[in-house]
Novice: 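To start, I am sharing the structure in question, which I have written as structure tokens.
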Amino acid sequence: RLIWVFIMLVGLQSCTVGYSFTGADIPAQAQSFSIKLFQTATPMASANYNLRLTESLKDLMLAQTRLDLVEKRGDLQYEGVITRYETSNAAISGEEYTTVNRLTITVKVKYVNTFEREKSFEKSFSRFADYSSSEDFSTVESALIEDINSQLTQDIFDASLGAW
């Protein structure tokens with residue numbers, strides 16, 4: 001009976017599963033990730049938006065994985081381009097003609113998994129947040145960006161490391 005316990009413990013030790021408590025599917029041998037500063041391909045984006053998005057993704061990765069952030073050539077690599085940063089009219093509602101405006105942000109991301117190349121991808125992610133036209137965009141922009149970044153970074157995380 002003691003021998004069976006020993007065999008099971010040795011067997012469990014030799015298993016390498018790459019899942020984390022967040023449901024991330026991380027290769028067992030991966031130790032690091034790198035995120036190149038996102039570029040901006042649209043003149044509409046606020047001056048430091050690319051930095052804010054890059055830092056949001058770094059923060060999410062540090063919070064939800066066991067991986068170390070390295071400057072370049074991580075085991076998991078991210079880079080991207082902000083291709084859309086646009087405000088538009090989302091809806092006109094009611095008899096008072098209240099207008100709802102929308103900030104839409106789209107980013108094209110390149111993800112490289114150096115251990116499982118078949119999981120690497122290049123794809124676009126897009127999210128939006130609405131605000132009332134009675135609000136000045138410059139006063140709500142920061143909150144809208146925070147909301148959109150939270151969604152975008154989670155989408156990027158789920159697409160690259162999601163186990164579902």
Side-chain angles (χ1 to χ4, degrees), residues 18-26 30 32-114 116 119-164:
Y19 293 95
S20 73
F21 291 113
T22 61
D25 181 11
I26 302 169
S32 64
F33 71 95
S34 57
I35 301 175
K36 189 174 178 183
L37 180 65
F38 280 61
Q39 300 302 303
T40 305
T42 175
M44 299 301 296
S46 62
N48 67 346
Y49 178 67
N50 62 331
L51 180 60
R52 287 182 70 177
L53 179 61
T54 303
E55 292 302 316
S56 293
L57 185 55
K58 286 178 183 179
D59 291 345
L60 180 75
M61 291 291 293
L62 288 169
Q64 293 193 16
T65 72
R66 59 172 168 70
L67 302 174
D68 295 320
L69 173 62
V70 296
E71 193 171 323
K72 40 180 127 161
R73 291 191 293 279
D75 297 326
L76 307 178
Q77 302 167 12
Y78 297 85
E79 63 181 271
V81 177
I82 299 152
T83 58
R84 183 177 180 202
Y85 188 102
E86 177 181 278
T87 58
S88 61
N89 210 350
I92 298 176
S93 61
E95 291 181 26
E96 297 174 22
Y97 300 106
T98 306
T99 304
V100 176
N101 291 333
R102 173 172 292 170
L103 172 62
T104 303
I105 299 174
T106 304
V107 60
K108 183 176 179 181
V109 175
K110 180 179 179 183
Y111 166 70
V112 176
N113 181 325
T114 61
E116 299 171 333
K119 292 185 178 180
S120 298
F121 62 76
E122 227 178 293
K123 64 191 277 189
S124 291
F125 299 88
S126 188
R127 287 294 184 152
F128 64 86
D130 293 338
Y131 62 99
S132 171
S133 62
S134 64
E135 297 175 291
D136 180 42
F137 178 68
S138 62
T139 61
V140 297
E141 184 177 18
S142 188
L144 295 171
I145 286 173
E146 189 173 323
D147 181 36
I148 292 170
N149 278 358
S150 175
Q151 295 174 58
L152 281 173
T153 56
Q154 192 63 55
D155 289 348
I156 295 165
F157 180 88
D158 291 345
S160 59
L161 299 176
W164 39 85

Novice: Return the CG to CD distance between N113 and Q77, rounded to the nearest 0.5 Å.
Specialist: 9.5 Å
Novice: Would you mind checking if K58 and E55 are paired as a salt bridge, meaning a charged N to carboxylate O distance below 4.0 Å?
Specialist: yes
Novice: Is there a side-chain contact (heavy atoms from CB on, under 4.5 Å) between N101 and F137 once you walk through the steps?
Specialist: CA-CA 9 Å; N101 291 333; F137 178 68; over 6 Å; no
Novice: Is S34 reaching over with its side chain to a backbone N or O of K72, donor-acceptor style, under 3.5 angstrom?
Specialist: no
Novice: Report yes if some heavy atom in the side chain of F33 is under 4.5 Å from a heavy atom in the side chain of L69; otherwise report no.
Specialist: yes
Novice: Identify the two heavy atoms, one from E146 and one from R52, that lie closest to each other, and give their separation to 0.1 Å.
Specialist: N-NH2, 4.3 Å
Novice: Stepwise, does the side-chain contact (heavy atoms from CB on, under 4.5 Å) test hold for T54 with Y78?
Specialist: CA-CA 9 Å; T54 303; Y78 297 85; over 6 Å; no
Novice: Nearest 0.5 Å please: distance from the CG atom of L161 over to the CG atom of L76.
Specialist: 6.0 Å
Novice: Within this structure, what is the CZ-CD1 distance for the pair R102 and I148, rounded to the nearest 0.5 Å?
Specialist: 10.0 Å
Novice: For D155 and Q151, test the side chains for any donor-to-acceptor distance below 3.5 angstrom and give the result as yes or no.
Specialist: no
Novice: With rounding to the nearest 0.5 Å, note down the distance linking CG in N149 to CG in L53.
Specialist: 5.0 Å
Novice: Verify, without hydrogens or angle tests, whether S32 (side chain) and D75 (backbone) share a donor-acceptor contact under 3.5 angstrom.
Specialist: yes
Novice: Once you round to the nearest 0.5 Å, how far does CG of L103 lie from OH of Y85?
Specialist: 5.0 Å
Novice: Could you check whether any side-chain N or O of T65 sits under 3.5 Å from a backbone N or O of L62, counting only pairs where one atom can act as donor and the other as acceptor?
Specialist: no
Novice: Would you say S46 and I145 make side-chain contact, with heavy atoms under 4.5 Å?
Specialist: yes
Novice: Out of curiosity, E79 CD to L37 CG, how far, rounded to the nearest 0.5 Å?
Specialist: 11.0 Å
Novice: Is the CD atom of E135 crowded by more than 12 outside heavy atoms at less than 6.0 Å?
Specialist: yes
Novice: Indicate the atoms forming the closest heavy-atom contact of T42 with T83, along with that distance.
Specialist: CB-O, 4.0 Å
Novice: One pair to check against side-chain contact (heavy atoms from CB on, under 4.5 Å): V107 and V81. What are the steps and the verdict?
Specialist: CA-CA 6 Å; V107 60; V81 177; 5.9 Å; no
Novice: Can you check side-chain contact (heavy atoms from CB on, under 4.5 Å) on K119 and D25, steps first, answer last?
Specialist: CA-CA 11 Å; K119 292 185 178 180; D25 181 11; 2.7 Å; yes
